[in-house]
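Below, chains carry the letters A, B, ... as their sequence lines are ordered, and counting in each starts from 1.
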Amino acid sequence: MTLTAEPSDAAEPGLPDEPLHRRLGVTDEELAAIRDRLGGRAPNDLELAMFSVMWSEHCSYKSSRPLLRTLPTGSAADGVVAGPGENAGVIAIGDGLAIAFKIESHNHPSAVEPTQGAATGVGGILRDIFTMGARPIAVLDALRFGDPADARTRHLVEGVVRGVGGYGNCVGVPTVGGELVFDPSYAGNPLVNVMAIGLLELDDLTLASAPGAGNHVVLFGSTTGRDGIGGASVLASATFGVEDGSKRPSVQVGDPFAEKLLIEASLELIRAGLVAGLQDLGAGGITCGTSETADRAGTGMRIELAVIPRREPGMDPFEVMISESQERMVAVVEPERWNAVRAVCERWGLPVAIIGTVTDDGDLTVVDEDGAELARIPASALTSDAIVHERVAAAPLRRRAAPAPGAPATASDGLPERGMDPGAVLTALLGSANLSSRRPVFEQYDSTVQANTVVGPGHGAAIVRIKGTTKALVASTDANHAVGAIDPWLGAALSVAEATRNVAITGARPLGVTNCLNYGDPTRPEAFWQLTEGVRGLADACRALGLPVTGGNVSLYNESPTGAIAPTPEIGVVGLLDDVATRVDPAWQAPGDRVILVGETTPGLAGSAYAELAGLAAEDGPPSLDLERERRLQAFIREAAARGLLASAQDVSGGGLAVTLAECALWGDGDRGLGARLRVSVASSAAVDLFGESPSRIVVSATPRHVAALVLLARQHGLPIEDLGEVTARPDDGTQARLAVELHGSGATGSAEDRGSRIADALIVGLDELRHAWEGGLSRALGWEQR
Amino acid sequence: MATRFAVNVRPKDGILDPQGRAVEGSLGHLGIEGVSAVRVGRRVELTVEAADEPAARAVVERLASELLSNPLIEAYDVEVLGAASSLESSSAGAAPPAAESASGTPA
Amino acid sequence: MATRFAVNVRPKDGILDPQGRAVEGSLGHLGIEGVSAVRVGRRVELTVEAADEPAARAVVERLASELLSNPLIEAYDVEVLGAASSLESSSAGAAPPAAESASGTPA
Amino acid sequence: MSVRIGVVVFPGSNRDIDAVNALEVAGAEPVVLWHDDASLDGVAGVLIPGGFAYGDYLRAGVIARFSPIMRAVAGFAAEGGQVLGICNGFQVLTEAHLLPGALLRNRGLRFVSREVRIAAERLDTPFTHLLGGRGALRMPVAHGEGAFYADEGTLDELEAAGQVLFRYVHSDGSTAGGEEDRANPNGSLRAIAGVLNAAGNVAGLMPHPETAVEAVLGSADGLGIIASFVASAAERERSGGPVEIGAR
Ligand SMILES: Nc1ncnc2c1ncn2[C@@H]1O[C@H](COP(=O)(O)OP(=O)(O)O)[C@@H](O)[C@H]1O
Ligand SMILES: [Mg+2]
């Protein structure tokens with residue numbers, strides 16, 4: 001057999017006259033390891049193609065597997081029913097119900113074709129969820145791009161958002177949250193990470209395994225075409241080169257309509273107990289779906305190539321075996337259930353075929369029409385026994401300074417030094433590309449379909465009720481790349497802290513963590529060190545907060561000729577509210593309520609939005625994180641919420657305390673806005689207190705009669721607490737409400753007299769100005785028409 | 001000189017065409033038989049004011065490859081629909097009959 | 001006999017065409033001048049197996065008026081692209097040059 | 001015994017989940033009607049829910065129109081049965097010529113998902129008689145093709161005949177402007193959000209009253225529309241024929 005059509009005329013990293021394995025991205029060392037697993041025999045071309053996709057970074061986790069073993073994965077005591085290794089993590093939530101959730105990247109496909117790349121990313125993660133027997137009930141999209149003023153970025157943003165929306169809207173799963181972040185490090189390599197959450201009855205839990213020799217292997221869903229050939233190996237495992245524009249592998253096109261039918265048919269098959277195992281086909285196509293399910297069950301499979309339904313004539317065996325055509329599933333079906341399975345698929349208008357048989361020999365065997373063997377590979381060699389590389393990690397010799405693009409390096413308290421009006425700084429931050437309202441984006445996503453959305457995108461963590469119960473799920477995604485670029489351990493730990501805090505401030509109990517590790521080329525020691533540190537930060541934070549990591553995804557080689565991305569450990573958290581009626585909102589509720597800061601403000605502006613805007617001192621570092629304090633803070637806020645002491649709660653994150661206060665004000669009273677009259681004590685510098693992003697802080701509001709109880713509760717948790725002032729009524733004279741923050745304390749005036757005289761001693765700004773900045777910031781940054 | 005063109009954009013060979021597939025799937029309900037290989041694309045008609053036809057065609061080609069089609073997943077061809085006074089063409093409803101047609105695939 | 005057809009569907013006169021407007025709006029960014037009256041429609045290519053061409057055309061007309069266009073807002077015309085073996089046409093990428101074209105507006 | 005209301009499910013429908021929930025909240029018994037069946041199973045009213053029937057490929061609603069179930073729905077409507085189409089269901093009903101006008105691409109060319117306000121023009125229809133007022137109702141929209149269009153003459157006729165059922169409004173109840181007004185999410189002509197057929201028994205609207213039926217979801221303002229529909233379907237069933245609701 002020869003490979004007549006190249007797996008992708010483009011995708012081979014090497015030169016055309018190189019041996020086939022290298023052209024498929026398989027190293028000489030890996031080829032030797034493949035021979036080992038074939039009992040010393042050389043693979044034929046089809047087998048080599050199958051190994052090349054399965055031993056790609058994307059499918060095999062060959063660089064990251066040893067690291068991932070260090071993560072805390074929880075136990076039945078945490079409610080964990082399925083952990084890493086399954087299509088999605090599953091956690092029981094009582095009432096016989098469970099949630100399945102996971103986050104996954106589609107970075108490289110989205111860089112090539114943003115709309116289809118993002119769309120198929122949504123499709124892929126949804127399949128992971130319903131393959132487990134869960135109905136997808138929510139999607140969150142975490143997106144990262146380069147400079148929003150850049151034409152290429154704008155094209156990517158437009159396309160990715162269209163892709164996420166176009167797919168999610170059509171399949172009828174609400175997109176309830178996410179992130180949109182701009183940073184120059186993503187210019188050549190955008191990040192598209194999508195998280196999905198599903199709800200299932202525990203009885204319906206279905207695993208991706210292929211038990212029972214003699215069972216049918218059934219393929220249903222779309223037909224198999226040439227699209228996405230070699231996508232896994234090529235797209236996810238190779239650094240983007242300059243010349244990629246001309247050498248593009250085939251693009252996968254998503255069909256959300258077919259996915260919707262696939263969801264309904266799959267869930268119907270599962271509920272009727274018609275399948276013994278179910279696996280979606282994603283990266284690695286049929287090769288991956290069959291070898292993984294067989295390996296998990298300790299069985300083998302014999303696949304009859306000729307009966308696989310195709311979209312095009314003349315496809316080569318390797319094309320059929322590694323095609324990444326979307327919207328396909330493999331089911332393992334007992335022969336007596338086949339007719340029922342076929343009936344369900346046909347009712348939903350989906351092509352369905354028996355493509356093979358489960359065997360007991362442990363091999364994945366591919367045969368042609370005449371029964372001649374085209375390939376025979378131990379299933380384990382393609383999956384659990386795939387090669388693992390011990391990569392070299394090395395910290396950079398010199399610590400990096402925080403990236404502050406185009407900003408002048410000035411003292412970290414540059415704000416008072418330069419006599420800047422803190423109100424103007426706040427307005428600039430709120431109107432900035434990263435902190436302004438994401439409304440222009442999330443309004444393109446159906447966030448309400450299924451009639452469960454209690455809080456959609458835009459106001460902190462998303463809240464989705466569980467119909468028929470008083471419960472609700474609370475979800476957030478976060479990643480701190482800016483600190484991660486300076487200290488990858490800290491960046492990862494901060495990401496976990498923020499994502500869990502976002503969930504906890506609603507009063508919910510975080511249940512578990514999923515993560516998408518977006519890093520650079522693991523063969524580069526510094527990049528591998530970043531990954532190592534990131535995993536350590538993730539593990540440390542999850543242990544400290546007592547949370548299991550139930551799944552995730554690793555995306556490496558996120559580099560372009562302009563450099564590697566900032567390390568980006570995207571963290572997805574799902575929490576549970578036992579009674580949705582007790583949820584706490586971030587918005588201020590009523591005039592007269594007290595505004596209270598819980599937690600300690602610590603120095604360090606590196607990695608903050610303020611530093612990006614105003615510059616920072618060369619010696620300044622990022623703020624520190626005390627995971628034990630974070631744990632106490634989250635325990636405090638949950639208890640305060642449970643006891644009904646809170647009118648509102650919002651955490652301090654991007655843009656610092658001032659931005660948090662502005663959000664509470666703008667969203668106050670059903671988005672009509674509520675002002676406040678506050679005093680903030682400044683310890684070292686106004687910039688740190690107003691705009692610093694030191695973690696583990698929450699702004700709450702409460703009716704005056706609950707303040708004493710809150711103070712006591714904070715003391716009991718060993719947390720500092722400061723009453724900042726009160727929420728004010730809207731002026732009756734029709735003038736706009738204002739946010740007024742007076743600064744006092746030693747740092748407010750500074751030590752030198754002349755310095756003190758130039759310090760603005762108050763932040764006073766009207767909500768109309770703030771709202772204008774906040775609402776229009778993103779459209780202005782992207783050059784979108786405002787409406 | 002004003003010329004009216006049409007740019008026909010269609011999914012490339014081998015690229016999934018969900019719309020075409022959906023139309024085929026609905027033919028049964030319409031009681032229509034014998035229809036196959038349905039491909040759904042876009043057709044953009046436009047008037048170009050340029051010195052001569054080659055100059056006008058160059059403009060259309062650029063538009064077609066950079067804006068109107070996505071070369072990764074779509075192919076296009078350009079048709080000349082005929083001379084058009086820009087005024088006339090701006091209200092052109094039914095297209096004038098195709099005068100000439102040529103195929104092109106983006107580089 | 002298998003014939004390949006194209007049905008061109010476009011927004012009727014007087015119906016605002018926001019897509020066309022969007023194309024016109026982005027011409028400036030591309031530095032393209034002299035383009036006007038942009039109308040964005042659909043083009044559906046299909047193969048019809050019928051006894052003869054008139055029979056095939058009747059099928060296409062029915063499809064075009066009932067399914068492919070909405071007479072309230074759209075007009076269409078039908079082009080004959082040429083004879084096609086159904087197999088060939090199923091992977092038809094670039095259209096063969098238009099052999100003939102006729103305009104029609106649904107009743 | 002609660003009244004049985006059919007919810008038509010096409011391949012690609014997705015707000016059927018919302019519709020079933022809303023009907024239950026309104027005290028009705030939802031009955032799923034599969035697109036490939038030609039029978040309405042004796043239901044008292046038909047709700048065509050939102051979603052992307054057949055992927056909304058080609059034109060929203062056009063392929064669905066040819067489903068066997070739509071012949072049954074047309075027959076039911078011709079006999080005076082109440083039919084409510086929401087979002088994609090509205091698109092299907094216009095494509096099927098059971099409602100006037102057409103729904104074009106949103107003028108902004110983007111999908112629009114947000115909360116809007118609409119107000120009923122008439123309170124004497126099977127779909128609005130329990131609303132109790134013409135105040136602004138809050139509910140979500142989520143669509144890419146929702147700009148109501150008909151030619152000027154038709155629009156005048158629809159207005160004169162009382163067939164304009166809902167318009168987009170501002171929070172103070174004043175009618176929204178054209179496409180440049182955020183209150184009109186899609187650029188619908190004359191801010192029309194929903195219409196009625198001439199006989200008054202078939203209605204369609206783009207916003208989602210069926211998703212706004214519980215306070216926990218942010219608004220229960222849509223319940224008045226769903227409840228009106230359910231009540232009038234029940235009334236018709238009881239009286240064994242078309243009912244006149246209120247007086248014009
Ligand atoms: N790409 C997106 N898709 C959907 N929602 C988004 C997206 N980006 C941001 N959001 C929403 O906008 C709000 C602000 O985002 P962010 O500042 O990251 O939130 P937070 O400060 O709560 O972590 C959140 O509710 C978030 O879910
Ligand atoms: Mg965040």
CD1 of Ile48(D) to CD1 of Ile69(D), rounded to nearest 0.5 Å, is 9.0 Å

Using non-hydrogen atoms only, which part of Leu58(D) is less than 4.5 Å away from chain C: side chain, backbone, both, or neither?
both

Over all atoms of both residues, closest heavy-atom pair of Ala64(C) and Val7(C):
CB-CG1, 3.7 Å

Of the backbone (N, CA, C, O) and the side chain (C-beta and beyond), which part of Ile73(C) lies under 4.5 Å from a heavy atom of chain D, both, or neither?
side chain

What's the shortest heavy-atom distance between Ile118(D) and Ala193(D), and which atoms?
CG2-CB, 3.9 Å

With chain D, the option among Leu72(C), Leu16(C), Leu67(C) that has the most non-hydrogen atom pairs under 4.5 Å is Leu67(C)

Residue pairs involving residues 192-202 of chain D (criterion salt bridge (Lys or Arg N to Asp or Glu O under 4.0 Å); sequence neighbours excluded):
none

Side chain to side chain contact (heavy atoms under 4.5 Å, CB included) partners of Ala72(D), counting only residues at least two apart
Leu40(D)

Once you leave out hydrogens and angles, what donor-acceptor pairs under 3.5 Å do chain C and chain D share?
residue, atom, partner, partner atom, Å
Gln19(C), OE1, Arg105(D), NH1, 3.4
Arg21(C), NH2, Glu179(D), OE1, 3.2
Arg42(C), NH1, Leu58(D), O, 3.1
Glu66(C), O, Arg65(D), NH1, 3.3
Leu67(C), O, Arg59(D), NH1, 3.4
Leu67(C), O, Arg59(D), NH2, 3.3
Leu68(C), O, Arg59(D), NH1, 3.1
Ser69(C), O, Arg59(D), NH2, 3.4
Glu74(C), OE1, Arg59(D), NH1, 3.4

Qualifying residues under side chain to side chain contact (heavy atoms under 4.5 Å, CB included), relative to Ala58(C), sequence neighbours excluded:
none

Taking all non-hydrogen atoms of both residues into account, name the closest pair between Val7(D) and Pro49(D) and its distance.
CG1-CG, 3.9 Å

